[in-house]
Amino acid sequence: MTNMEIGIIIIAALAGLALIIFLIKRNRDDRKKLLPPEATDDIVEQNRTDQLRHEDQL
């Protein structure tokens, strides 16, 4: 392998790693928006949260 080929492989690997990190971060942010914390006094909101979690498990 030439140095140029190794450089391209390294750049592609770094780009893939950056994409994976970006998607993990975005997934965590989306979960925080869609699934609020467990403790809530609102019964309707609690039922909605339980329903969303049930749908995620399917």
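Annotation: the span from Thr2 atom OG1 to Ile8 atom CD1 amounts to 7.5 Å, rounded to 0.5 Å.
Legend: residues meeting side-chain contact (heavy atoms from CB on, under 4.5 Å) with Ile10, ordered by chain and number and at least two apart, are Ile6, Leu14. Under the side-chain contact (heavy atoms from CB on, under 4.5 Å) criterion, Ile21 pairs with Leu17, not counting sequence neighbours.
Residues in residues 7-17 take part in no side chain to side chain donor-acceptor pair (under 3.5 Å) pair, two or more places apart or across chains. For residues 9-27, the set of pairs meeting the salt bridge (charged side-chain N to carboxylate O under 4.0 Å, His left out) definition, not counting sequence neighbours, comprises Lys25-Asp29.
Taking Ile, Leu, Val, Met, Phe, Trp and Tyr as hydrophobic and joining them when side-chain heavy atoms fall under 4.5 Å apart, one finds Ile11 isolated, its cluster having no other members.
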